[in-house]
Q: 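Encoded as C-alpha cells, here's the structure I'll be asking about.
Just so it is clear: chains get the letters A, B, ... in the order the sequence lines come, proteins before strands, and each one is counted from 1.
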Amino acid sequence: MDFSYSDEQFMMYDSVLGLMRQEAGPSACRKTYRHGSAVARQLAGKLADQGVLGGGASEAHGGSGLSLLDYALLFEAAGQTLLPFPLVESFVVTTILQAFGEKEQQERWLSAIVSGETIPTIAWGDDSGRFGTGGVQAVRARGRTRLFGRRKFVPFAEISGLVLTPVYSTELNGVFLTLLDPHRAGVEIEPLHSLDGSYPLASLILNGCTVEEGELVWQGGNLWERALALAQVALAQEALGVAEEVFRNTVEYVKVREQFGGPVGRFQAVKHVAAEDYLLLESTRVANRYAAWLVSEGSPEGPLYAKMAKAYASDMARRVTGDAIQLHGGIGFTWDSDVHLYFKRAWRLAQELGRSTDLREQMARRVVDGQLEEGDGYGYSL
Amino acid sequence: MDFSYSDEQFMMYDSVLGLMRQEAGPSACRKTYRHGSAVARQLAGKLADQGVLGGGASEAHGGSGLSLLDYALLFEAAGQTLLPFPLVESFVVTTILQAFGEKEQQERWLSAIVSGETIPTIAWGDDSGRFGTGGVQAVRARGRTRLFGRRKFVPFAEISGLVLTPVYSTELNGVFLTLLDPHRAGVEIEPLHSLDGSYPLASLILNGCTVEEGELVWQGGNLWERALALAQVALAQEALGVAEEVFRNTVEYVKVREQFGGPVGRFQAVKHVAAEDYLLLESTRVANRYAAWLVSEGSPEGPLYAKMAKAYASDMARRVTGDAIQLHGGIGFTWDSDVHLYFKRAWRLAQELGRSTDLREQMARRVVDGQLEEGDGYGYSL
Amino acid sequence: MDIRFSSEHEAFRERVRAFLGEVLTEGWGTPTHPLPRSAQEQAEVGMWWERTVYEHGFAGLSWPREYGGQGLTWVEQVIFSEECARANAPAGVNGLGKGLLGPTLLVEGTEAQKKRFIPPLLAGEEIWCQGYSERNAGSDLASLNTRAVLEGDEWAITGQKIWTSNAHLADWCFVLARTDPTAPKHRGITFFLVPMHQPGVKVEPLVQLTGEAHFNSVTFDGARTPRENVVGPVNDGWRVANTILSFERGTTIIGRHAHYLREFETLLNAARQSLGENGPLARDSHYRQRLMQLWSEIEILRLHGYQVITQLQKRSRLGPEASMLKLYYSEMHKRLGELAMEVLGGAMPYVEGLESLAGGSLHRAFLWSRAETIFAGTSEIQKNVIAERVLGLPKDGRR
Amino acid sequence: MDIRFSSEHEAFRERVRAFLGEVLTEGWGTPTHPLPRSAQEQAEVGMWWERTVYEHGFAGLSWPREYGGQGLTWVEQVIFSEECARANAPAGVNGLGKGLLGPTLLVEGTEAQKKRFIPPLLAGEEIWCQGYSERNAGSDLASLNTRAVLEGDEWAITGQKIWTSNAHLADWCFVLARTDPTAPKHRGITFFLVPMHQPGVKVEPLVQLTGEAHFNSVTFDGARTPRENVVGPVNDGWRVANTILSFERGTTIIGRHAHYLREFETLLNAARQSLGENGPLARDSHYRQRLMQLWSEIEILRLHGYQVITQLQKRSRLGPEASMLKLYYSEMHKRLGELAMEVLGGAMPYVEGLESLAGGSLHRAFLWSRAETIFAGTSEIQKNVIAERVLGLPKDGRR
C-alpha cells in the first residue's frame, strides 16, 4: 500500500517546474495573449531540451517512455505556470503513437515531436460542439482517401505540424484516427478569439484533403476513448496546478493586505473560504493521483475515474480561482493582476473534453444504471 | 403601487399570533409528538372562538369570507408557533366549498367547520407518493357509487370529520372531488409514525365505502390544481413562519452564548450565515406575498408563482432551520432544545405538495418550454 | 395590497415606449443589432443618451422640478428602467452623478449647491465621477489617505483615488479627503466637489480583467476647489457619504430585474441550442432546475423592487436592510454568468463570432459580475452590515 | 505508487470475511434483517461485539502485541473496517477508548498505565467514556470548569461533563479537569483516568433530536481517583489531549468510506423507486448529478484514507492537515442525508413501515449527521484549525 508519487517522480517535477517557472509563468502567458501561438513555438525547444516532450515515446525515438502517472506532476507544473503550450496534446499523441502506431509512423513522427521540431495537437471537438468522433467523413475515390468536414476546439493549430483527428469512413463503416499535417492543400485553420488568450483554439476545416495510408493510425472508437481518458486526467492535473498556484498566492496576499487595522487574513470570512478551498485542492490531488494510476495501469476502471477526476478538478478550479479574485478585492479584478489569467484558464479547462455535468452523466450510466460490481469502492479496483 | 399587507391584515395577525403563542408553540407541539392528534381536537375550539377557522366561508355560514391574501399572515403565525392543527387544510376546504359547493353542501359543512365542531382535512397524496389525483376509483353499481383505493399523506385523519379527496370515475371518464366523512364503513385510516411528530399523517384506505350525491363537490381536475395552489402558498407562508421564528431565537442565542471570551455572534462565521439566512427569509417574504395576491385575485399566473413560492420557501426553511442547529452547537442537537421541532417541521413542509425539484420542473414546462409572454416579469402580470 | 399599475402609470409607460421607439435606431436591442463595442463608441453613445433622456423629459423622474427634475415618483422611475432594459437602451455615463451625488446634494447640499449642480447634472452637461476608494482604502474606506488643506479660500487636495468609473469623461468629481489627520479615522473626513479640468488632476485608465478600461485612477496633486464646494460640515464627510448610502443601495435595484431578465432570455436561448449528454440542455433536468432557480431569483428581485418603492412611498426612506439587495443581486448575477458559461460548454472560450451562441453578451455578464461582488462594498462587507446593523450582532475585531 | 493489496493482505481480508460470516447471524446486514433498534439492545450487541472481536484476534490490529494488540499495520485496520462496514457489523461501545484513550496512553502513558489499562480496554472488559465538554465549554473546550484537587494520594474531581457517549455503560472515564485555576486557561488542565463505579459519579441520559439517548451528562461530585491515574504531567493535560488529536482525526476516517458506500447504495435503491415529475429519480438528470457528485466524494474519502495510511507507514504521524478530514466527511454526510430525504419526497416524513423506501436507515443518517458537524470540533473550528495551523493565517480575536 503506497499511495504516493515516487522520489524520482518528485525530482523530475522539481526540475521541470523550475524550467517552466523560468520560461513560462504569467509573463509568457501574457505574451501569448498578445502574440498568439508564436510564443509556444519558442517554448518547444526549451521543453525539448529538458526532455519534457519525450512523453510516451520510447528511448529508441529519443523519448523517455514514461507513463501518465510519471507525467502527472508535470501537468500540475504546467498548470502552476500557465504554460502556453499544448503539452497535454503532445503527451497523448506520443503515447498513442508509441503504443499503436506502425513502426514507420513512429519513425516518421516521434523523434520530430520529442525534439520540439514538430508540435502535435488534437482536434478535440466534433461538429455538435461536444467531444465525440463525428464531424469528418472519409471518402474514397480513384484510389485516394479524401477528408471532408469540420472539427472544433483544436489547440495551437496554427503552429502545429500534426493533428490527431477522428474520421468516420462510410466505406469501412467505422471510426479511425488520422494523424494529419494541417499545412497542406484542402485544410483550413479558422482561429477564434478565446477567453483564455494563452491557449489559442481554432476550427479545422477539411475541404477534401487527401490522406495517405501512413496517416491512418488505428481503427476504432476505443482509441479515442483512451485518448480522452489520458487527456482528462492530464487536464485535471493542470487544473489542480492552476488552482494551487493562485491559491498559494492568495493566501500570501491576505497575510499582508491590511484593512481595518490588520491583515484581512485574520477575518473568518477569509479564513473559512481558504480552508474550504484547501480541502477541495487536497481532495482533487488524491482523486487525480488515483485516476492517473488506474489509467497508466490500463485498468478498465480508468475511464470512469478519469471522468470523476476531471469533473471534480474542474469544479474545484473554477471555485478556487473565483474565490481568489474575491479575496484579492478590487486589485484581483484588474488586468495587471495575474489572478484573472488563472481564472480564465480554469474555466477554459473546465469546458474542454466534457463539461462536469456531461462527465457525471457518463459516470451515472455505469454507477446509477449499472450495478456496483464486486470490488467497487472497497479498495480493490483494478 | 402598494406591495404591502394592510393595517387590518396586520392587526388580525397580531391578535391570532397572540392566541397561538398562548395555545400552541413548542409545548403543544411536544404534546402532539407524545399524544398525537388529540391535541388538535382541543385546539379547534380555541381557534374557532377567535374566528380563525372562518377561512373562506361567508358570513352567512359564520365565516369571515377572507381571501388567501388576508389569511397569509395567519399561516405565518401558524409556522411561528408550530401549530399542530390542519389550518391549511381547513382553509382550503372552506374556500372551495364556499366557491364551488352546492348550497346544501355549504349548509351541511361550513358552519360545522367554522365552529370547530368538524375538522376537515385533505387526502393530498396519490398512490405513487406524489400529489396528483390518482389512487381512488369510483364504481357505480345498483344505483350507488362506491370508492376503492388509497390516498396518502392525509394530515390529522384520525380526528377529521371530513376529507377532501379526488376520485377518478371510469363511468364519467373524469376526476371529481369528494367530501367524505372518514368514520364510516369501508374507510380505514392507517396512521404512520412521522418525522414531524406534531403533524400526524396517515393513509386513507377506501374499501368500497359509498358516497352520496351531496358528497361530490365538483367535477374536473382544475379544482384540484386550485386547491394545490392555495395550499402551496399557505405552506410557503408556514415555512416562512417556522424559519423566521427559529432564526430570531438563534440570533438572540448567539448574542448571549459565550465562547472564547465573548459572544459567539461576534464571529464572522456566525454573522455571515445569519446575514445570508436573513436575505433568504426576506426574499421568501416578498415571493409569498406576491403569490398570495395573484392566487387571491384568481390570476392565471397564480399557480406558477405558487409553485415558485413553495419551492423557494421550502429550500430556505430547510437551510435556515439546519443552520439554527449548527449555530446552537451541541445544545441545538438535544431533544430538550426546541430547535429540532422547527427543523423537522421545515423538512416535512418541504416534502408536501411537491418537492422543490418537482415544482421547478412544473414551472420549467411553462417558462423554459413555453415562450415568455408579454408582461411576464415586467410587472404587469394579471 | 395592489400592485397593478394605474391607468396614469400605464399611459406613462406608453410614453416611454414611444420615446424609445423614436430615439433608438431600428432593430436596436435585438440580438442581431450591433451594439457599440469600443470604449470610445460606448462613451459617445452614453453621452448622447444622457442628453437625449433629458431633452425628452425623462431625467430625474422622481426629483423636484425646481432643480430640473420631473417631480414624479419612484413608480415612474421603475417603469422607465423596465422599459429601457427591455429595449436594451444604452447605459448613460452619469450613473454615479444621478445615483449617488444627486441624492446626496438633495439631502445634504446647500440651496446654492443644489441650484448650481443638479440641473447640469440632469441635463448631461456635467458628468460626475466618484473619488472614494484608494489603493489601501478599499473595504476599509475610512482609512483613506487623500489630504485636503485649506489655503485661503480654496482647498488643495492631494492623493490618489482608484476605481473611478468614467473619470476620463467627467467634469466633476465628488471626493472624500482627510481634513483632520489627528481625529479618529471616521471623524476627520470631508466631502468635496472638485472640478476635473485643472492642472492638478491626472486621470489614467485602469484596465480590468474584461480587457476594457472601465475604471481609472485619479491623482490629485494640489488640485483646487473653492471653499463653498464642501458638502455638509468640514470633518463630517463620513456621515454625509453614508447617510445616503443604504438609501442608494436600495434604489439602484429598481428596474434592474428587467436587465437580468433580458440576459436570462439570451441564456435560455443558448440552452435550447447547446447540447449535453441528453440533448439540448433546455431539456435536461439539471439545467432546467438551475434555470428555474435563477428565474425565481430574478423575479424575486423584481418583488424586492416593489417592496422598496412601497416603503419609499410610505416613509420616503429605507433602513439598513436595503444593504441586502446589493448582496442579493451581485451574487445572483455571478451565478447567472457561471451558469451561462457552463451552458456554452466547449464553445465557452469563444467570446466572439459564430461559434458563440450568445454573441458575447453572456461573457460580459460572466466577467463583469466578478467585480460586482467587490465594488461598492464587497459581499463580505454587506454581510457584516446586515449582521451588525439589522440583526444587532456584536462588532468583531475591525478597527 | 501501487495501491494493490498484497497477497498477505488479501489473505487477511479472507480471514476477516470468514470471521464475520461465522459470528454474525444468517442474513445480517441485508436490508431485510432486523437490526437492534432499542438503546438497550444496541448496547448489549455492542458489548458482545467488543468481546467477540477481541476473542477472534481482531482488536487493536495496529497496536503492540505486548499490550494485547495484534502488532499489525494500518493496512489490516482499513481492511477490517471495510469488511465490517460491508457486512454492516455492529458498532462497538468502546470506540472512544480505542480511538482516543488507547493511542493517548501509548504515547503519553507510563509503562504501568499501559500494562494496566490497555489489555482490558482491547478485551472489551473495561469500557471507556470521555469527559471533555461542559455546558459552557464546547468549541472553547479550554475554558472548562471541572476542578480537581489533590487530597492525600487521591484526586477529588468536581464538575459536570456533557456529550459523554456510552457513559451509562462505561467503567472508566478519561477526564480533563482544571488543577490550577490561577494559570492561563490552557495551562492549568490535567488529564485524569477516573473510575465510573463510585458514589461521586452520577450519569444522566441526554436525549438527542433523533429521540435516542446516545449521550449523557456526567456529574462528578468529589469523585476519587488515585494519584497514579494522571496521564502526563499535572497541569499539562491540554497538551496531552491535543498532541494525539489530529492523529486521531485522521485515522478515524480509515474504512469510513465503506460505511457511506452502504448508505449510498440504499439511497440509490430509493432513487430507483421514488418518482418525480420525470419518472424514477434515478433517471432524472438533476438527481443523477447529485448522486454522482456524492459518489465521487465518497470515493475521494477512500483515497484520503489511503493517503493517511501511506503517511502513517512512512512517518508514523500525521500533520494538522488531518483536521480537514473530519470536516470533509461530516459535511459530506450531511449532504448525503439531505439528498436522501429529498429523494424520499412525500414519503420522507415516514420513518418506519412499508411507506419508507429505505427502512429508516437513511433517516438515521439524516438526523445523526446534524450532530457530526458539531461534535469533536464544529466545522467552523476545523476551518479555523486549517486556516491557522496549515495555511498560517493569523489568529482572530479568540481568547
Q: Please identify, among Met363(B), Arg248(B), Glu252(B), the residue contributing the most non-hydrogen atom pairs under 4.5 Å to chain C.
A: Met363(B)
Q: When you compare the side chain of Glu276(B) with that of Ile386(C), does any pair of heavy atoms fall below 4.5 Å?
A: no
Q: Quick one: pull up CD in Glu297(C) and OH in Tyr312(B) and give me the separation to the nearest 0.5 Å.
A: 5.5 Å
Q: With chain C as the partner, which of Lys255(B), His272(B), Glu361(B) has the greatest number of non-hydrogen pairs under 4.5 Å?
A: His272(B)
Q: If the contact rule is any heavy atom under 4.5 Å from chain C, which residues of residues 321-332 of chain B qualify, in numerical order?
A: none
Q: Check whether any side-chain heavy atom of Asp2(B) sits under 4.5 Å from a side-chain heavy atom of Gln313(C), and report yes or no.
A: no
Q: Please report the interatomic distance CE(Met1(C)) to OG(Ser296(B)), rounded to the nearest 0.5 Å.
A: 8.0 Å
Q: In Å and rounded to the nearest 0.5 Å, what is the CE to CG distance from Met292(C) to Leu359(B)?
A: 11.0 Å
Q: Name the option with the most non-hydrogen atom pairs under 4.5 Å to chain B; the candidates are Arg283(C), His9(C), His304(C).
A: His304(C)
Q: Could you tell me the separation between the CD1 atom of Ile300(C) and the CD atom of Glu282(B), rounded to the nearest 0.5 Å?
A: 12.0 Å
Q: Do Glu299(C) and Tyr305(B) have side-chain N/O donor and acceptor atoms under 3.5 Å apart?
A: yes
Q: Give a yes or no on whether the backbone of Arg360(B) and the side-chain of Gln289(C) come within a donor-acceptor separation of less than 3.5 Å.
A: no
Q: Check the pair Leu393(C) / Arg266(B) against side chain to side chain contact (heavy atoms under 4.5 Å, CB included), numbers first and verdict last.
A: CA-CA 6 Å; Leu393(C) 293 178; Arg266(B) 78 191 188 282; over 6 Å; no
Q: I'd like to check Val273(B) versus Lys383(C) (side-chain heavy atoms, cut-off strictly below 4.5 Å). Are they in contact?
A: no
Q: Quick one: which of Ser296(C), Gly392(C), Pro394(C) has the most heavy-atom pairs under 4.5 Å with chain B, could you say?
A: Pro394(C)
Q: To the nearest 0.5 Å, tell me how far Leu279(B) CG sits from Glu331(C) CD.
A: 9.5 Å
Q: With under 30° as parallel and over 60° as perpendicular, where do the rings of Phe3(B) and Tyr306(C) fit, or are they tilted in between?
A: perpendicular
Q: How far apart are the closest heavy atoms of Lys314(C) and Ser4(B), and which atoms are they?
A: NZ-OG, 2.7 Å
Q: For Gln307(C) and Arg289(B), test the side chains for any donor-to-acceptor distance below 3.5 angstrom and give the result as yes or no.
A: yes
Q: Going by heavy atoms in the side chains, are Val368(B) and Tyr287(C) under 4.5 Å from each other?
A: no
Q: Can you find a heavy atom in the side chain of Lys271(B) that is under 4.5 Å from one in the side chain of Leu391(C)?
A: no
Q: Salt bridge check: are Arg4(C) and Glu297(B) linked by an N-O gap of less than 4.0 Å?
A: yes
Q: To the nearest 0.5 Å, tell me how far Met1(B) CE sits from Trp74(C) CH2.
A: 13.5 Å
